[in-house]
A.B. asks: 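Pasting a structure here, questions to come.
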Amino acid sequence: MRIDYNCEYFNIKDTLECGQVFRFNHYKDGYLVYSADKCAYVHTDGGKTLIDSDDGDYFYRYFDLDRDYGKIVGAALSYEIPLLSKSASLCKGLRLLNQNKEEMIYSFVISQNNNIPRIKGIINKICTRLGERMSSPYGEYYAFPSSSALAGADVSVFSEAGAGYRDGYLSSISKRICDEGIAKLENLSTEELKKELLTYKGIGPKVADCVALFAFKKTDSFPVDTWIEKVYFEDFNGKLKDRKKITEYFVNSFGEYSGFIQQYLFYGKRLNL
DNA sequence: TACCAGGACGTGC
DNA sequence: GCACGTCATGGT
């Protein structure tokens, strides 16, 4: 089935390439997007962003289509911060995805002290090796592996995929989730969720913020990585050095809009706006 | 060659 | 509690 949505506040390029998601490929005049075991073909035509998939409900929620981004962009512009205004106005079609929770946990554990092209490659290799083989009208692909598939794999599978020293984290976390599930992560406040995520070996404050934001849609989260640190020093005249305190500073400034604004700033900085 | 990339852990104090 | 060295890997 097909979903069509006005492209003013839904730009597929910005939404996919802003760094929140690692599983997508260029395809024809658009993109193939993968989430968990699902796949969609997304492209733009005649002022509409079109989503073709066999699970419209899933991708309607995935792309966060039930949310007013005009209001969010308006709030971002109201701060009159040059980098933020440039990014929010130029990338107002950037949407925060609702991604699969377990997939986000593993993906952002891989992301630590790493760069985006490598992260994508490592995840792709792990999916190819351990994920279920799927077919779609656009060709075959591999689902993101279940936690039991990850837990059953030898740690060498992760190192051979290029995960480096993070291989043990992936084994440890997948075994824990395979045993106990992630039910205890549900229905928590942002603070409670982040605190619980920190009990997984390999998840620190930054990854916990990313998982809270990109998987649990805790929009009062503000992940601070090397790029956001640069933003803080160069565009906010920041003086703090502790990343957790920088997170606090931004969340105190932007409240429930923190996660959206973080993404505008991160993407805008990487685009050198 | 040294430094960087969506950082976290273990140790020592 | 905090500072610091270390942890794979590939690109520049």
Side-chain angles (χ1 to χ4, degrees), chain A residues 14-24 83-84 87 91 94 96-97 99-101 103-126 129 154-174 176 194-219 221-236 238-251 258-273:
Chain A
D14 292 334
T15 296
L16 294 178
E17 296 188 354
C18 70
Q20 62 178 324
V21 54
F22 304 107
R23 289 209 299 143
F24 60 91
L83 175 63
L84 179 55
S87 183
C91 311
L94 191 169
L96 275 197
L97 303 172
Q99 302 192 65
N100 179 268
K101 292 166 183 171
E103 179 171 344
M104 286 297 92
I105 289 173
Y106 302 118
S107 296
F108 277 96
V109 164
I110 292 167
S111 81
Q112 66 176 253
N113 199 26
N114 211 338
N115 60 62
I116 291 176
R118 281 200 73 238
I119 297 163
K120 293 176 68 172
I122 293 165
I123 292 172
N124 186 50
K125 284 174 190 159
I126 291 174
R129 181 70 188 275
D154 190 272
V155 67
S156 63
V157 171
F158 304 124
S159 45
E160 284 166 10
Y165 68 90
R166 311 164 193 81
D167 56 356
Y169 299 155
L170 296 172
S171 284
S172 161
I173 294 174
S174 61
R176 177 172 166 186
K194 288 201 271 187
K195 184 178 176 186
E196 182 62 29
L197 286 167
L198 290 178
T199 66
Y200 292 79
K201 186 172 295 184
I203 298 185
K206 189 272 175 182
V207 170
D209 264 309
C210 285
V211 173
L213 179 59
F214 299 133
F216 290 82
K217 217 43 174 285
K218 300 292 192 184
T219 64
S221 301
F222 201 103
V224 176
D225 68 331
T226 57
W227 290 96
I228 289 294
E229 214 169 40
K230 252 178 258 181
V231 169
Y232 175 67
F233 293 132
E234 296 175 7
D235 298 276
F236 287 79
K239 302 299 179 195
L240 299 171
K241 297 216 166 177
D242 179 31
R243 286 191 176 186
K244 282 161 76 175
K245 290 187 176 173
I246 298 175
T247 292
E248 277 182 41
Y249 163 79
F250 279 121
V251 173
S258 293
F260 303 98
I261 288 175
Q262 193 270 2
Q263 222 31 45
Y264 295 138
L265 292 171
F266 174 82
Y267 189 42
K269 199 64 173 174
R270 296 196 72 221
L271 292 176
N272 200 21
L273 294 182

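The model shown is predicted, which means the values in this text are computed figures rather than measured ones.
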A.B. asks: Give a yes or no answer on whether the side chain of A:R118 reaches the backbone of A:N115 with a donor-acceptor pair at less than 3.5 Å.
C.D. replies: no
A.B. asks: Using a 4.5 Å cut-off on heavy atoms from C-beta on, say whether the side chain of A:L198 contacts that of A:P205.
C.D. replies: yes
A.B. asks: Would you call A:R176 and A:E196 a salt bridge, using N to O less than 4.0 angstrom?
C.D. replies: yes
A.B. asks: Report the distance from atom CZ of A:F22 to atom C1' of B:dA5, rounded to the nearest whole Å.
C.D. replies: 11 Å
A.B. asks: Please check: side-chain N/O of A:T247 versus main-chain N/O of A:R243, any donor-acceptor pairing under 3.5 Å?
C.D. replies: yes
A.B. asks: Which of the following nucleotides, C:dT9, B:dG7, C:dA8, is nearest to the side chain of A:R118?
C.D. replies: C:dT9
A.B. asks: Whole angstrom is fine here: how far is it from CZ in A:R166 over to C1' in C:dT9?
C.D. replies: 7 Å
A.B. asks: Tell me: CG of A:N115 to P of C:dG10, nearest whole Å?
C.D. replies: 11 Å
A.B. asks: Would you kindly give the CD1-to-C1' distance between A:I110 and B:dG7, to the nearest whole Å?
C.D. replies: 14 Å
A.B. asks: Pick from A:I203, A:D209, A:V207: which one makes a side chain to side chain contact (heavy atoms under 4.5 Å, CB included) with A:L197?
C.D. replies: A:I203
A.B. asks: With rounding to whole Å, what would you report as the distance between C:dA8 and B:dT11 at their P atoms?
C.D. replies: 15 Å
A.B. asks: Once you round it to whole Å, what is the distance between P of C:dG10 and CG of A:N114?
C.D. replies: 10 Å
A.B. asks: How would you label the contact of A:E229 with the nucleic acid (heavy atoms, under 4.0 Å): base, sugar-phosphate, or nothing?
C.D. replies: nothing
A.B. asks: Contact list please: residues 266-273 of chain A against DNA chain B, heavy atoms, distance less than 4.0 Å, in numerical order.
C.D. replies: A:F266, A:R270
A.B. asks: A quick test of your reading: do over 12 heavy atoms of other residues, nucleotides or ligands sit less than 6.0 Å from NZ of A:K217?
C.D. replies: yes
A.B. asks: Under 6.0 Å from the six-membered ring centre of A:F108 and within 45° of its axis: does the NZ or CZ of A:K206 meet both?
C.D. replies: no
A.B. asks: A:D167 CG to C:dT9 C1': how many Å, rounded?
C.D. replies: 12 Å
A.B. asks: I'd like to know if the side chain of A:Q20 and the backbone of A:Q99 have a donor-acceptor N/O pair within less than 3.5 Å.
C.D. replies: no
A.B. asks: Quick one, give me the B/S/- string for nucleotides 8-13 of chain B, reading 5' to 3', where B means a protein heavy atom under 4.0 Å from the base and S means that only happens at the primed atoms, P, OP1 or OP2.
C.D. replies: SSS---
A.B. asks: A:F250 vs A:F222 aromatic rings, parallel, tilted or perpendicular, using cut-offs 30° and 60°?
C.D. replies: parallel
A.B. asks: Using the C1' atom on both, measure C:dA3 against B:dA5 and round to a whole Å.
C.D. replies: 22 Å
A.B. asks: Please give, in whole Å, the distance from C:dG5 C1' to A:N113 CG?
C.D. replies: 13 Å
A.B. asks: A:F108 has an atom CZ; how far is it from atom P of B:dG7, in whole Å?
C.D. replies: 10 Å
